[in-house]
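Here's the structure we're looking at; comments come further down.
By convention here, the first residue in the shown sequence is residue 1. We count ligands from 1, going down the list as the structure has it; atoms in each ligand are counted the same way.
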Amino acid sequence: MASGQPALTSLPVVPAPLRAAAKNDGIPVSEGFQLRQVGCEDPRIVEAFDRFVDRTSRATGMVQKIEALSPAPTVTIACGGKGSAWPSLGEDESYRLDVGSAGVVLSVPEAAGALRGLATLFQLVAPGPNGFEIRGASVEDRPRFPWRGLLLDSSRHFLPVSVVKRTLDAMEVVKLNVLHWHLSDDQGFRVESRVFPRLHGAGSDGLFYTQEEVADVVEYARRRGIRVVPEFDVPGHATSWFVGYPELASEPGPYQIERRFGIFDPAMDPGREEVYAFLDRFVSEMAALFPDPYFHVGGDEVNGNAWARSASVGGFREKMGLADSAAVQAHFSRRLLEILKGHRKKMIGWDEVLHADLDRDVVVQSYRWHRKLVEAANRGNPSLLSSGYYLDLMFSAAWHYGVDPLGGEAAALPPEKQGLVLGGEACMWTEFATAENVEAKIWPRAAAIAERLWSVASIVSVDDMYRRLSLVSEKLEAIGSTHLQSRGSMIRRLTGVGPEARSLEILAEVVEPVKEYARVESGRYTSQTPLVRLVDLALPESDEARRFSSEVDAFVVAVRSGTGSAQAKAGGLREKLAGWRVNDTHLAPVLGRGGLLGEIRGVSENLTRSAQVAIEAIDLLVSGRAPSRAWIDRNLITLAEAARPKAEVILAVVPAIRRLVDAAAAFGDGKTQGAAGSTTSDRKSVV
Ligand code: ACM
């Protein structure tokens with residue numbers, strides 16, 4: 001290590017390592033690399049090295065020969081011990097990495113660290129003065145939290161194995177180490193059960209993973225140092241189970257696969273022994289398929305309505321002295337825990353599983369803020385944070401990045417209780433995501449969450465995070481993730497391949513989907529609604545809007561400080577705005593055809609109007625003239641209208657344009673020409 005300096009984030013690596021120093025001497029990427037292992041026994045290391053070589057080849061476009069003709073730079077991996085073949089919670093993922101002209105030396109206590117170190121090495125591949133190189137660096141690294149997960153919801157929309165595998169590849173690169181696989185919900189039961197074949201047979205529309213496919217995914221993940229934790233959500237969110245096995249439910253049915261989204265009444269019958277016998281056989285079958293010790297049983301959002309309507313559940317409640325539906329659920333949960341223990345599984349549940357005498361081993365996953373982590377910790381239960389990390393809510397990377405598992409109320413926990421917080425999980429619920437666009441909703445934002453979970457808490461620079469996020473985003477694309485390319489093909493499906501495709505892309509670049517639960521609450525959607533509109537291809541966060549926003553702020557600062565750079569900055573902004581202003585002219589013919597694009601006419605027109613307002617505001621600021629009150633009022637109305645969601649997208653550049661108008665108004669403050677034409681300024685009102 002160069003020194004004991006605090007974590008440095010100048011290396012192009014996400015998550016930022018614990019300690020890192022850049023060095024001057026890198027290694028050219030040319031003829032390939034040779035691997036030398038010292039004391040390593042785990043075959044995963046050779047595979048991970050081969051992946052590194054293959055990924056480097058893809059990222060650089062250079063042919064990598066593993067068996068180079070001339071002596072190739074050596075990657076020496078020195079292992080302290082064997083480690084376990086299966087990734088496990090709390091295993092030693094630390095590594096030391098040295099990259100210099102003499103080669104690469106990666107020193108690890110166990111194989112898991114080699115996988116993490118090779119992920120860092122791959123991210124150090126960058127363009128250099130003489131072509132691609134691996135940046136010279138000295139790194140010492142280990143994770144802050146041992147549980148760094150990503151939830152994939154394969155129920156609301158089925159995600160083919162290819163998507164799951166690409167996601168695992170990307171997870172490996174950013175050191176996420178748990179795939180939380182949400183495999184059953186109201187909208188579909190997605191795993192083949194040989195014991196209860198009507199689960200997938202009647203509950204999946206034929207969209208399920210065979211047991212061979214599950215085993216393949218679990219093995220694929222293992223090789224990448226990623227645990228797979230299955231979730232079978234019970235006793236609610238279980239309609240798909242009841243289609244084939246209505247006798248599990250507290251009301252007789254019949255049931256159909258739920259096509260709508262939200263919280264529904266059906267729930268398992270907590271009072272029938274047959275239900276627990278069924279679950280015992282089911283868990284037994286799934287326990288063999290999913291070797292990780294942890295098994296997620298859901299437990300969320302049981303509204304109690306079906307139980308309240310059922311006479312037999314009512315009788316059961318009275319007999320057992322269960323006060324309310326929460327007590328009924330606690331009873332169900334206790335029975336389920338016994339079943340899991342019988343199959344040597346540890347239980348995880350959403351935070352509703354918290355109850356008075358909850359077994360200490362149960363991991364509580366909070367989706368209702370730090371309050372639930374604190375509650376779990378105070379009871380002595382391990383916990384995970386997921387609220388703040390819901391990727392489906394379409395928040396920015398910066399927003400997620402600002403959420404720390406040990407922030408909020410958890411910051412006040414004593415250290416021994418903080419130690420019960422195992423980490424967190426990003427959650428990709430798929431009500432509004434399909435195989436086609438789910439990766440675009442996961443990446444690169446999940447990498448920002450991965451950094452929050454791996455890196456020390458003091459790494460908080462949002463600008464630096466975004467700088468590195470764009471680099472890792474490109475790396476993930478290079479290894480096969482479709483998160484950047486899917487938008488283009490979704491656009492061309494709507495416009496064809498002509499010039500209109502670029503015009504729609506320009507619009508798509510500056511919009512974002514509506515946030516939070518606006519789409520669910522619209523009530524317009526079922527799992528069969530095609531997700532092919534502008535809102536579906538728009539990325540959760542507009543990079544273009546973020547860049548524009550910084551340029552606007554830099555311009556306003558330059559105007560205020562009177563430095564000569566304002567003119568140049570204005571030039572750049574005007575050029576961009578002119579493109580936006582004219583975009584509707586190019587797009588109007590396709591929008592006029594109606595169909596799926598008809599709905600976005602208003603969005604496109606609003607971009608034109610907003611760009612016009614911005615150009616006028618810039619002209620005012622550059623010339624030092626004050627706007628009239630009428631100009632200000634008129635344009636504030638235009639922008640307020642443009643800020644309203646339309647066709648379920650928001651025009652993400654409007655807030656920055658509003659700041660331009662505010663700056664123009666303030667710049668002329670006290671000198672503004674009134675509606676009647678009087679002016680207190682020697683500046684001339686122009687508009
Ligand atoms: C959840 O969001 N219902 C776990």
Side-chain angles (χ1 to χ4, degrees), residues 147 149-157 159 178-190 229-241 258 260-268 294-306 325-326 329-330 332-333 336 347-355 358 362-373 375-376 381-395 399-400 403 405 408 421-433 438 441-442 445-446 449 515-521 525 527 540:
W147 191 310
L150 171 65
L151 175 150
L152 270 191
D153 172 6
S154 287
S155 177
R156 271 53 177 265
H157 281 101
L159 303 173
V178 181
L179 171 66
H180 172 164
W181 206 358
H182 187 80
L183 288 164
S184 72
D185 212 297
D186 298 305
Q187 294 80 1
F189 190 100
R190 304 299 183 194
V229 173
E231 179 186 351
F232 296 98
D233 202 345
V234 291
H237 281 290
T239 309
S240 62
W241 301 56
E258 183 55 72
R260 297 162 299 161
F261 299 125
I263 299 173
F264 301 98
D265 291 354
M268 288 191 176
Y294 290 85
F295 197 96
H296 204 303
V297 295
D300 55 320
E301 299 177 325
V302 182
N303 66 16
N305 293 342
S325 82
Q329 189 175 343
F332 179 88
S333 210
L336 191 52
M347 184 164 137
I348 317 181
W350 297 107
D351 55 51
E352 286 95 331
V353 300
L354 273 167
H355 61 81
L358 182 67
V362 176
V363 177
V364 176
Q365 181 163 16
S366 171
Y367 71 105
R368 292 180 296 176
W369 289 108
H370 293 92
R371 176 164 57 84
K372 292 291 171 185
L373 291 191
E375 218 177 301
N381 284 86
S383 61
L384 298 169
L385 185 68
S386 273
S387 63
Y389 301 141
Y390 270 30
L391 298 168
D392 57 312
L393 301 187
M394 304 291 112
F395 292 145
W399 190 84
H400 293 301
V403 177
V421 178
L422 302 175
E425 291 187 350
C427 293
M428 187 62 241
W429 301 105
T430 58
E431 282 90 342
F432 300 98
V438 69
K441 294 173 192 300
I442 297 172
R445 293 179 304 150
I449 299 170
K515 313 285 167 185
E516 297 189 80
Y517 293 104
R519 297 187 78 184
V520 180
E521 285 162 5
Y525 288 93
S527 54

Next on the checklist: Between S383 and V364 (side chain of the first, backbone of the second, donor and acceptor by atom type, cut-off under 3.5 Å), is there such a pair?
Outcome noted: no

Checklist entry - Please walk me through it: do Y390 and F395 pass side chain to side chain contact (heavy atoms under 4.5 Å, CB included)? => result CA-CA 8 Å; Y390 270 30; F395 292 145; over 6 Å; no

Next on the checklist: If the cut-off is 4.0 Å to any non-hydrogen atom of D300, which atoms of ligand 1 fall inside it?
Outcome noted: 1 (C), 3 (N), 4 (C)

Item to check | atom 2 (O) of ligand 1 [closest protein heavy-atom partner, distance rounded to 0.1 Å] | outcome: Y390 OH, 2.5 Å

Item to check | Atom indices of ligand 1 within 4.0 angstrom of W350 heavy atoms, with elements | outcome: 4 (C)

Next on the checklist: Need the ligand 1 atom indices (1-based, order shown) with element for anything under 4.0 Å from a heavy-atom of E301.
Outcome noted: 3 (N)

Item to check | Those residues that, when tested against K441, pass salt bridge (charged side-chain N to carboxylate O under 4.0 Å, His left out) (two or more places apart) | outcome: none

Checklist entry - Quick one: side chain to side chain contact (heavy atoms under 4.5 Å, CB included) partners of E352, sequence neighbours excluded? => result D300, E301, Q329, W350, Y367, R368

